[in-house]
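Structure record follows, encoded as structure tokens.
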Amino acid sequence: MKMSGAQMVCEAIIAEGVKTVFGYPGGAIMNVYDEIYKQNAFRHILTRHEQAAVHAADGYARATGEVGVAMVTSGPGFTNAVTGLATAYMDSVPLVVISGQVPLSLIGTDGFQEVDAVGISRPCTKHNYLVRSIEDLPRILKEAFYIARSGRPGPVLVDIPKDITGELGEFVYPESVDLPTYKPRYKGNDRQVKKAVEAILNAKKPLLYVGGGTVLSNAYQEVRALAELTQIPAVETLMARGVMGAKNPLLVGMLGMHGSYAANMAMSETDLIISLGARFDDRVTGKLSEFARYADIIHIDIDPANIGKLVDVDYPIVGDVKTVVEKMESMIREKVDPDRYQVWREILARYDELHPLMYHDSEEVIKPQWVIERIGQLVGEEAIITSDVGQHQMWAAQFYPFDRPRQWINSGGLGTMGFGFPAALGAKMGHPEKTVINITGDGSILMNVQELVTAAENKIPVINVILNNHFLGMVRQWQTFFYDKRYSETDLSYQPDWKMLAEACGGAGYDVTTKAEFDQALQSAIEGGKVTFINVAVDRFENVLPMVPAGGALYNMLLEHKDQ
Amino acid sequence: MDKVRRVISVIVANEAQVLARVSGLFAGRGYNIDSLTVAPIPDTDLSHMTIVTRGNRRVIEQIVKQLHKLIPTFKVIEHEHMVEKEMVLVKFPIEKPLADIQALCQAYNGGIVNVGTEMFIAMAADESIRIEHFVEAVKRYHPIEIVRSGVVAMER
């Protein structure tokens, strides 16, 4: 069938089953927006900034497991989207971002709103395309979705010159993709898996090191089953919160820079790491030469480049976590003796008793950790929690009772402030039936605060809980610990009136200074059905603890600080 | 870990951007490139890149894996047993002893490839290490310009 390039873009989005697209129009993408206007098959949400459009598509993708789609124009439209691409790239989120480009004849002439989009995005996309001919467009769109969601997922950019979206061409959306140069390996080598199983059976202190890959591959049931069967304890990374389930007795906790004492000691003392879709990030390992010194390592990852990148691996297995863990479970089923690891589990339980994850609650001032716990008590398993980046993010990861994967959405890899609110919009569009709460700080929330308007206009009632310490809290904490309390540019005492700000944009706002007020505000926010700011005045100088100082060994945790 | 020299062949789809993807990967991840050559493989839609790099074992392993991860990459070969050749062109003023230089070039699989009114150009084609020796040897004739091609390699 003959149609314009712009129509092809819409037809591909429809064919891929995408229900919501986030974006912002402009000159070079106008042809596509004209086609969006004419159709009813998918919804377009107009964000108020291109960065927010990509984060919203990202939140949608993380909450649903589907490919998220964002659309932006050329030049500044695209450059605004770059932070969104980089955020998704670092956390392996499947996105297709369509950007307009100046007409082919103008490319390379420094045309109005021209920028080298494929050049700029090359290091922060899984793949990108500059479409050079209408004949290539259907194939490229199909490949973009396929590459985004297969293997180790990631964002794909399709940059389309304006004359191509206006030109007519033959459209047949390909049934399948044939890329001889791209064949992700899912299965995992049987011999390697067998060797790994032998290693588990011979280990005395094995540890499941559960990473974000288990969320991406929808492997949580398999991972929980493996743990249940073998009774091997597990630690979760920041990206894997919810995979094991908060009430799971085998879950030791989150590890890493702000991980629990028991989880970090487990990693330091284990004799066999079973890494499931984790990548030994520096925030997890601490000082590499001191990391897990007694352990052999089984590393299961769909991306071969992750294996052996930072630590030497004894049992490398390239494959999808879900498939490989299933295989492992069937091989180990008849042979494993769960009692074998009893002593190990007891040791870890004692570590947890010795230094449990805790905070000192107060009746005078609200502690941020209390707010997180309280949200957990009030909405718990039912809600989707997004977050920005900083202290509030770490407290949320530490204290919220995450019970399932895709319940916890945060920018772990890139650490993008301003991610949480637009991501919450995307998550809510993907799961309208769920309460969606963005746990944020008074620094982060201002980095995409314009999305109040998007949320109010489209009636997307997400709740932003601002843990307000009038500081850029995490940087302030480092200044307290490591910079002799020189609070350089972290004092955020000058603030907007949060309640009025939310109301001015058509949302609701609550200022909270007591626990009772918080309960009431959250209740009203849930019932009110509007986008909401709950501004919670919390203890200004509360620190995130425990803490492994950057570059320190994982077992050397600051458990408390004299200024606490 | 000790740094080693490695010659890596990368077979890629012959398409726009592919050289930028490869060179950008090296720049972005801080890997060294000693030389890089690229040309289409006859009768295919593929190109052959030969990259000479150096790094410790872990870096070399990462380079191979990261190259393989690029979507247009078909194959990555970390050469062990290879034939390796490089070419060099050297320009001399016409006053220099042409016969001496020709004899030298012949020892390095080359010869005189162009003679003009004011200068002549000599060529040698050999292994990189021998090309270095050649370049050293011709320096005494004060060449005007030296251009090396970078390495091409083939597994044997």
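Bear in mind that the values here come from a model prediction, so they are computed numbers and not experimental data. In what follows, chains are A, B, ... by sequence order, proteins preceding strands, each numbered from 1.
Glu136(B) has a carboxylate O that lies under 4.0 Å from a charged side-chain N of Lys139(B), or vice versa, which qualifies the two as a salt bridge. The pair Asp126(B)-Lys85(B) counts as a salt bridge, with a side-chain nitrogen and a carboxylate oxygen less than 4.0 angstrom apart. Look at Arg57(B) and Asp312(A) and you find a salt bridge, because one of the NZ, NE, NH1 or NH2 atoms lies within 4.0 Å of a carboxylate O, short of that distance. A salt bridge links Arg148(B) to Glu132(B): at least one charged side-chain nitrogen sits closer than 4.0 Å to a carboxylate oxygen.
Annotation: maximal heavy-atom pairing with chain B below 4.5 Å, among Asn128(A), Ile147(A), Asp303(A), occurs at Asn128(A). Across Gly28(B), Pro72(B), Gly24(B), Ala13(B), the residue that shares the most heavy-atom pairs under 4.5 angstrom with chain A is Pro72(B).
In this structure, no portion of Lys183(A) lies under 4.5 Å from any heavy atom of chain B. At a 4.5 Å heavy-atom cutoff, the contact between Ala16(B) and chain A is made by side-chain atoms alone. Only the backbone of Val311(A) comes within less than 4.5 Å of a heavy atom in chain B; its side chain stays farther off. Within the 4.5 angstrom heavy-atom criterion, only side-chain atoms of Arg58(B), from C-beta onward, approach chain A. When heavy atoms are compared at a cutoff of 4.5 Å, Pro123(A) does not approach chain B at all. With a threshold of 4.5 angstrom between heavy atoms, Leu310(A) approaches chain B through N, CA, C or O but not through any side-chain atom.
Tyr31(B) and Gln66(B) share no side-chain donor-acceptor pair at under 3.5 Å. Side-chain contact check for Glu86(B) and Ser128(B): at least one donor-acceptor pair (N or O, by modelled atom type) lies under 3.5 Å.
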